[in-house]
Amino acid sequence: MASILLLLVLLMPALQITGAQSVGVCYGQNGNNLPSPTEVVDLYKSNGIGRMRIYEPNDPTYQALKGSNIELIVTILNDKLQGLTDAAAATDWVQKNVQAFPDVKFKYIAVGNEVHPGDPQTQYLLPAIQNIHNAIVAANLQGQIKVSTAIDTTLVDSTSAYPPSAGKYSDAAKSFITPVINFLASNGAPLLVNVYPYFSYHDNPAQIELAYALFTSQGITTPDGVKYQNLFDALLDAQYSALEKANAPDVEIVVSESGWPSEGDDVATPQNAQTFYQNLINHVKGTTGTPKRPGKAIETYLFAMFDENTKGGDEVERHFGLFSPNKQPKYQLTFG
């Protein structure tokens, strides 16, 4: 018994580190009042945030990240996909934006963000992913960096998203996302999914309780008898069900964005945002998992590090920050 207790004590620090590592934060830069990348990386370090997502290659951010050991997702924006259907252009992209920074800890390359059915980029998505992957392999970095794409939850047919076990990709999405998923499965890469209980609740408040979106509900039991404690898990499991129906049950999901705004509508309040973020952090760094994928932490990136005052769209889009541009925390959150 004593030897077992000693082993548990020795393992505890490693378990805590693993939990803390499961939480990352997205670093959007659509603001004219944001701190320098060096200050931002220091803010990540001082708060124990070990993972970052950025939305396009950025040399000052890369320079600030050198030697930091912060794991990075770098995104390739949709307007760049067509150019990357040329293999030489993809090789050049990897050389300039990855290989040129050997002291940056790249983890994923998200080729495209939220490509939707009907977008002209759908025809370029798979070739761009393949070419970037091939360039990563040619650079002998395939053991370190996985190439994927980031989708939102709307590719799952809204009529089949509940119960989560019924989740499947819409007919319109299948034509372009299924070949992508097959490629991810064959290369052991995860699918990146942006999961927003806020938008699901905002679009359907008559049928979704606010507490269920904020992780403060007693939970609900779905028609197929599965109990869900929160909307985040239900949205995530609908995506896993869609992967299973696409014959890719072994593809893991990384939650590449999730957040709650603090201004812009009636439920976008600082109190709701703090409740959501802290409960989300506690949930994903624990080992509860989801009903379909129990027993492990959920690699998740909170959106976003700062309010972004030049971002377009509805007012809420400018108020997802965990920190104000002056680097002061908007909420008292514990990341580790």
Would you say Thr149's side chain and Val111's backbone share a donor-acceptor pair under 3.5 angstrom?
yes
Suppose we screen for side chain to side chain donor-acceptor pair (under 3.5 Å). Which residues come up paired with Asn194, at least two apart in sequence or across chains?
Arg53, Asn113, Glu114, Ser256
Mind checking whether Tyr196 and Phe199 have parallel, tilted or perpendicular rings, split at 30° and 60°?
perpendicular
Do the rings of Phe323 and Phe335 sit parallel, tilted or perpendicular, given the 30° and 60° boundaries?
parallel
Salt bridge or not between Lys107 and Glu299? Use side-chain N to carboxylate O under 4.0 Å.
yes
Could you tell me which residues satisfy side chain to side chain donor-acceptor pair (under 3.5 Å) with Tyr228, sequence neighbours excluded, listed by chain and number?
Asp237
Hey, can you tell me if Phe303 and Phe320 have their rings parallel, tilted or perpendicular (30° and 60° cut-offs)?
perpendicular
Carboxylate-amine/guanidinium proximity below 4.0 Å for Lys292 and Glu244:
yes
In terms of ring plane angle, is the pair Phe106 and Tyr62 parallel, tilted or perpendicular, where the classes change at 30° and 60°?
perpendicular
Would you please classify the geometry between the Phe215 ring and the His283 ring as parallel, tilted or perpendicular, with 30° and 60° separating the classes?
tilted
Heavy-atom check, side chain of Ile281 versus side chain of Val23, under 4.5 Å:
yes
Are Val226 and Pro163 side-chain neighbours, meaning at least one heavy-atom pair lies under 4.5 Å?
no
Mind checking the CG-CD spacing from Asp307 to Glu317? Nearest 0.5 Å is all I need.
11.5 Å
Just wondering, do Phe183 and His133 contact through their side chains at under 4.5 Å, heavy atoms?
yes
Set of side chain to side chain donor-acceptor pair (under 3.5 Å) partners for Ser68, sequence neighbours left out:
none
Is the shortest distance from a Lys or Arg side-chain nitrogen in Lys296 or Glu252 to a carboxylate oxygen in the other one below 4.0 Å?
yes
